[in-house]
Amino acid sequence: MTAPVLDRPTRSVPPPRLSATLRTALTLPEVRWAGLSLALFAVGVVLHLSGAPAPLWWTAYLACCATGGWEPAAAGVQALRERTLDVDLLMVVAAGGAVAIGQVFDAALLIVIFATSGALEAFATRRTRDAVRALTDLAPEQACRLDGDRETVVPAADLQVGDLVLVRPGDRLAADGTVESGASEVDQASITGEPMPVDKQVGDEVFAGTANGTGTLTVRVGTAPHDSVVARIGALVEQASETKAGTQLFIEKVEQRYSVGVVVATLAVFAVPLLLGSQLQDALLRAMTFMIVASPCALVLATMPPLLSAIATSGRHGVLVTSAVAMEGLGSVTAVVVDKTGTLTDGTPAVVAVSPTAGRTPDELLALAAGVEAPSEHPVGRAVVAAARDRGLSVPAVAGFRARVGQGVSGTVEGRVVAVGRATGPLPGAGEEEARGRTLVEVTVDGVPAGWLALSDRLRPSAAATVTALRHALGRSPLLLTGDDERVARSLAAELGITDVRAGLLPEDKVAAVRELQAQGHRVMVVGDGVNDAPALAAADVGVAMGGVGSDLTVSSADVVVVRDDLATLPALVGLSRRARRLVVQNLVVASTVIVALVTWDLVWHLPLPLGVAGHEGSTILVALNGLRLLRRGAWAAAPPTAAGRAPRR
């Protein structure tokens, strides 16, 4: 039952290091320009507040506008050539108008917000594309093809359907296919999420990118490399990411109409009085006042500060939300889909039951089993040894250690021949464990049955409470999707109170389940950790990755990364997002009311420019401060979700 230490991509890949992330970000021009703009803005603020001469902080603010605004301006000009108008150009024009009337700080602030938003979007897109390309590393670049009695090393991409491939112990499989000869255990966690290696014999199906154990397999290629399961995972992620790319914040959804409306109205405010005999200076001043009070400064700040504050607060609690769109989307989630292995469970097997025969104690049986398993690197062996040490037992030495593929291990422990492996017949008292789909191994001493051990993937301590909280928040139980055995999945779901369980799924099956919920009108949050979860995370309205054990592809496909693997943060995160959405609505009402009032004043009567600027800036400051309320330390604890979607008042 021994196996080499396998490279388990769904368990061992750490989150990207900051240095690597920073290097990737700095390769993007959008990030470099936004960083320079932000730095110049900070310099301008310091000079402004310190009482430096006005030309100095004016120069810093203008440089900020130039470095951060030239790309949106260029994009806006290109949009005009294509006969469209977006809010980027309107914001640049509004910034120019603000500078013209001396409000250079407001102009710089607007430019920094837009430049930073564009940089974050470019970085997220780049990370997803890089991770999809890296997915091909799961499958080896070369394969050992059998041409009669001759072995030929060929590029994996050149394999054809029907080829025979030799897979040696410890190798990764280069193609999907079926076993023609040999026997081994294969780690399929990257594809199915199963925590235990699966025994493979003649006729069994195997997948590219999975890791072979101790045996040698001859595999007949059944699918072209570009159509393998692991290749389809990458394609699914890209397709789902492109589908989600159209998701926008509320204010962005109306930017086209709003921008056109403001431009047309400004021209009308200028032209109509001029045609009616008004002085050029008076008409221009009225139009400039109109453009300033109608500009979407307060509307932009109505949306971003609450969401960014919520992002910062969640980050302090070990949850990284990748964008304001994701934070906004969390509050509208109506259905949750969870993976099993590595999400609801630890992702590694553990001994959960020890049943000795008469005359032996559980500790004695476990110590003997741990002694013979000590040299083994198979997950079962590691779990047995860990269980003995957790109980404080001394692990005896083994002599004559022997392992047989798919059958188990044996050796001499304390002068007795001990074997641990598959049961050759019914195990007394094991019916309940078998019904729950747990892995059972029999222990024999000198050829006589001495008892059995049951192993299972352990639930995370916070899993039950998290499922209960999400059920109360959404009014429906989470849906469990897993590639694992159905008996195992249903047994675990019963412990958590989950009623909707779908097991034995491949990645495309999980995506189909997510699409089905979305077709029913649900906004879906998917929580997962492995490569096999990445397409579902990308297809979901909000994807949540367990970052501590998640693969690079999973983390890059997700909108939210739970860095500390603490499931209990999810209900609090949903509640925080709902509170942020309410603040956004409050801010939009305030900002819209002020804009309508000032515009009406300017059109019906005569709004003095200083008063218009004061009203506009006052509303901008008000909504910004309101949004920053979620930065308080109590904001996280103050936002537990409820069935009605409301957080209790503090």
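Please read all numbers here as calculations on a predicted model, not as lab measurements. By convention here, the first residue in the shown sequence is residue 1.
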Given the options Val372, Val413, Val417, Leu368, Val445 meets side-chain contact (heavy atoms from CB on, under 4.5 Å) only with Leu368

Between Gly329 and Arg523, what is the shortest heavy-atom contact and its length?
-> CA-NH2, 4.1 Å

Take Leu164 and Glu180 through the side chain to side chain contact (heavy atoms under 4.5 Å, CB included) test and state the conclusion after the steps.
-> CA-CA 8 Å; Leu164 287 177; Glu180 284 287 306; 3.6 Å; yes

Checking Asn212 side chain against Gly215 main chain: does a donor-acceptor pair fall under 3.5 Å?
-> yes

Pair Glu151 + Arg168: basic N to acidic O under 4.0 Å = yes

Are Asp541 and Met525 close enough that some pair of their side-chain heavy atoms sits under 4.5 Å apart?
-> no

Would you check if Glu442 and Pro449 make a side-chain contact, meaning some heavy-atom pair closer than 4.5 Å?
-> yes

Can you check side chain to side chain contact (heavy atoms under 4.5 Å, CB included) on Thr218 and Val165, steps first, answer last?
-> CA-CA 6 Å; Thr218 300; Val165 178; over 6 Å; no

If you measure from CG on Leu517 to OG1 on Thr334, what distance do you get to the nearest 0.5 Å?
-> 8.0 Å

Donor-acceptor under 3.5 Å (Gln518 side chain, Ala539 main chain) = yes

Atom pair CG (Asp533) and OG1 (Thr343), whose distance is rounded to the nearest 0.5 Å | 5.5 Å

Do Val321 and Leu573 come close enough that some side-chain heavy atom pair is under 4.5 Å?
-> yes

How far apart are the closest heavy atoms of Leu344 and Ala463, and which atoms are they?
-> O-CB, 3.7 Å

Mind running side chain to side chain contact (heavy atoms under 4.5 Å, CB included) on Asp457 and Thr341 for me, showing each step along the way?
-> CA-CA 8 Å; Asp457 194 4; Thr341 306; 3.6 Å; yes

Which heavy atom of Val514 sits nearest a heavy atom of Ala540, and at what distance?
-> CG1-CA, 4.0 Å

Where the side chain of Trp452 meets the backbone of Gly429, is there a donor-acceptor pair that is under 3.5 Å apart?
-> no

When you check the gap from the basic side-chain N to the acidic O, do Arg515 and Glu508 get nearer than 4.0 Å?
-> no

Residue pair Ala383 / Val351: nearest heavy atoms and the distance that separates them | O-CG2, 3.8 Å

N/O donor-acceptor pair under 3.5 Å between Thr466 side chain and Ser462 backbone = yes

Within a strict 4.5 Å, meaning less than it, do heavy atoms of the Val409 and Arg402 side chains meet?
-> no

Out of curiosity, Leu505 CG to Leu480 CG, how far, rounded to the nearest 0.5 Å?
-> 9.0 Å

Within a strict 4.5 Å, meaning less than it, do heavy atoms of the Val337 and Val527 side chains meet?
-> no

Thr412 side chain reached by Val398 side chain, heavy atoms, under 4.5 Å = no

Do Ser184 and Thr216 have side-chain heavy atoms sitting under 4.5 Å apart?
-> no

Glu486 side, atom CD; Arg502 side, atom CZ - distance, nearest 0.5 Å = 12.0 Å

Between Leu570 and Leu567, does a side chain to side chain contact (heavy atoms under 4.5 Å, CB included) hold up when you go through it step by step?
-> CA-CA 6 Å; Leu570 295 181; Leu567 274 176; 3.8 Å; yes

To the nearest 0.5 Å, tell me how far Leu166 CG sits from Leu217 CG.
-> 8.5 Å

Nearest heavy atoms of Leu481 and Ala513, plus distance in Å | CD1-CB, 3.7 Å

Between the side chain of Lys340 and the main-chain N/O of Ala489, is any donor-acceptor distance below 3.5 Å?
-> no

What are the two closest non-hydrogen atoms of Thr345 and Arg460, and how far apart are they?
-> O-NE, 3.4 Å

Pairwise side-chain contact, Leu492 with Arg490, heavy-atom cut-off 4.5 Å (strictly under) = no

If you measure from the Lys or Arg side-chain nitrogens to the Asp or Glu carboxylate oxygens, is any gap between Asp339 and Lys510 under 4.0 Å?
-> yes

Checking Thr210 side chain against Phe207 main chain: does a donor-acceptor pair fall under 3.5 Å?
-> yes

Side chain His522, main chain Val524, donor-acceptor under 3.5 Å | no

Sub-3.5 Å donor-acceptor pair from the side chain of Arg471 to the main-chain atoms of Arg476, do we have one?
-> no

Could you grab the distance from atom CZ of Arg220 to atom OG of Ser181, nearest 0.5 Å is fine?
-> 10.0 Å

